[in-house]
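Values in this document were obtained by computation on a predicted structure and should not be read as measured data. Just so you know, these numbers use all the heavy atoms, side chains as well, and skip hydrogens, waters and symmetry mates. Numbers here are sequence positions counted from 1.
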Amino acid sequence: MVKSTLVPFWLRVIAVAAVTLTTLAPAHAGLFDDSEARRAILDLRARTANLEGQLANTQNTLLDQSNQIVQLQQQTANLRGQNEDLSHQLTVLQQTVKEYYADLRNQMQKLEPKPSQNEENKPETEADNSDEPATKAKASTSKNETTAFNKALQKFRAGEFKGATADFRSFIKTYPQSTYQPTAQYWLGNALYAQRDYKTSNTVLQGVVKNYPTHQHAPDALLAIAQNQLEQGQKSAAKQTWQRIIKQYPRSEAARTAKTRLK
């Protein structure tokens, strides 16, 4: 009797437990799904934050690069402006040098050394028959002057500026009273200019203007001085020299050239 009573009781307990487990299983599964979802959401948020940070960094980088491009464009524009300015200056300088050498060639063509008055007027037979040593010496010296001057000038014309410089200096020292002195000094100044010795060239040419102010080469010497000043970047000084030529030698060819260059 007792046994028959206990068996149904345990069966009922087992049945209740089975029902309970069946009820709890879906709830546990639901709890598991919510946890995974939360973890996925947190993961997604972290990735989003990371991407936003990368995007911000990329935007900053692009902004920096954009600013650099703008700066480079400005620098390029400035360089183009400087290049155009230098090109213009070079064109002006080349034209000035071209005009200067054209003037120089014209002066050289006009320059033909003449013998001294004694040689020109005295017949050769008279010089040969003269018994006066002083007269013979004077005629000989005049001929040597002309020969020495022509030698130096021909070297200059041939573009042998170093040799012409040495010969003109020798002539100036050897024949201090020669009528060729101002002309020799003028061409010496130009030979030095051709060798880009602008400072020494200026000194020599200024001596021509100072010591021979009425000589035909005095205004040309000033013109050469202005060119030397330009070559040394002394634009203001060159302008003053041109103005001096116009004022001091208004009717000279150099004055006309100076007016053109002042423009």
Side-chain angles (χ1 to χ4, degrees), residues 94 96-122 124 127 136-232 241 245 248-249 251-258 261:
Q94 287 175 336
T96 302
V97 172
K98 184 178 178 182
E99 291 174 357
Y100 173 74
Y101 275 112
D103 293 340
L104 197 59
R105 283 193 297 270
N106 291 336
Q107 291 295 331
M108 289 173 65
Q109 289 172 359
K110 293 176 184 177
L111 182 62
E112 290 295 337
K114 298 178 181 179
S116 67
Q117 209 169 22
N118 289 336
E119 283 186 322
E120 198 172 52
N121 296 333
K122 186 185 292 183
E124 186 175 353
K136 283 187 177 181
K138 190 173 182 181
S140 177
T141 300
S142 178
K143 183 178 180 180
N144 288 340
E145 286 178 19
T146 303
T147 301
F149 181 84
N150 278 333
K151 179 184 174 184
L153 187 60
Q154 297 221 358
K155 284 186 179 180
F156 184 92
R157 287 174 171 171
E160 300 174 16
F161 301 118
K162 189 173 181 180
T165 297
D167 285 356
F168 278 127
R169 279 179 168 158
S170 175
F171 178 90
I172 290 166
K173 183 178 180 180
T174 305
Y175 307 106
Q177 303 302 322
S178 172
T179 55
Y180 295 139
Q181 270 289 325
T183 305
Q185 291 179 34
Y186 171 73
W187 291 117
L188 172 61
N190 283 289
L192 290 165
Y193 167 83
Q195 297 173 80
R196 299 186 179 184
D197 188 354
Y198 306 124
K199 187 175 179 180
T200 309
S201 174
N202 261 5
T203 301
V204 173
L205 293 167
Q206 285 167 356
V208 174
V209 177
K210 180 180 178 181
N211 298 322
Y212 310 98
T214 60
H215 193 271
Q216 63 174 344
H217 285 309
D220 298 321
L222 281 173
L223 199 60
I225 288 171
Q227 187 62 36
N228 279 333
Q229 290 165 335
L230 273 183
E231 295 287 356
Q232 296 176 89
T241 303
I245 296 170
Q248 196 168 340
Y249 305 99
R251 297 181 181 179
S252 66
E253 183 67 30
R256 286 192 287 275
T257 302
R261 293 180 184 172

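With values rounded to the nearest 0.5 angstrom, H217 atom NE2 is found 11.5 Å from Q185 atom CD. Atom CD1 of residue I172 and atom OH of residue Y175 lie 13.0 Å apart, to the nearest 0.5 angstrom.
For A218 against Y249, the heavy-atom pair with the smallest separation is CB-OH, 3.5 Å. S252 approaches I245 most closely through the heavy-atom pair OG-CG2, 4.4 Å. The minimum heavy-atom distance between S201 and G189, with the atom names listed, is OG-O, 2.6 Å. Minimum interatomic distance between T146 and Y180 (heavy atoms only, all atoms of both residues): OG1-OH, 3.4 Å. Here the shortest heavy-atom pairing between Q227 and R261 reads OE1-NH1, 4.0 Å. Heavy-atom minimum distance, L223 versus A258: CD1-N, 4.4 Å.
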Give the C-alpha distance, both sets of side-chain angles, the deciding distance and a yes or no for side chain to side chain contact (heavy atoms under 4.5 Å, CB included) between N202 and Y193.
-> CA-CA 8 Å; N202 261 5; Y193 167 83; over 6 Å; no
What's the verdict on side chain to side chain contact (heavy atoms under 4.5 Å, CB included) for D167 and Q154, showing C-alpha distance, side-chain angles and the deciding distance?
-> CA-CA 10 Å; D167 285 356; Q154 297 221 358; over 6 Å; no
Taking it one step at a time, do V208 and H215 satisfy side chain to side chain contact (heavy atoms under 4.5 Å, CB included)?
-> CA-CA 8 Å; V208 174; H215 193 271; 5.7 Å; no
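Checked against the 6.0 Å centroid threshold, F156 and W187 count as a close aromatic pair.
Proximity of E145 to T174: side-chain heavy atoms (C-beta onward) are nowhere separated by under 4.5 Å. With a 4.5 Å cut-off on side-chain heavy atoms, R196 and E231 do not count as touching. Counting heavy atoms from C-beta outward, N190 and F161 have side chains that stay 4.5 Å or more apart. Counting heavy atoms from C-beta on, the side chains of N150 and T147 never come closer than 4.5 Å. Under the 4.5 Å side-chain criterion, counting only non-hydrogen atoms from C-beta, R169 is not in contact with V204.
Side chains of Q181 and Q177: no donor on one and acceptor on the other come within 3.5 Å.
Side-chain N or O atoms of S170 include none that pairs as donor or acceptor with a backbone N or O of A166 at under 3.5 Å.
Aromatic ring pairs are classed by plane angle as parallel below 30°, tilted from 30° to 60° and perpendicular above 60°; the pair F149 and F171 is perpendicular.
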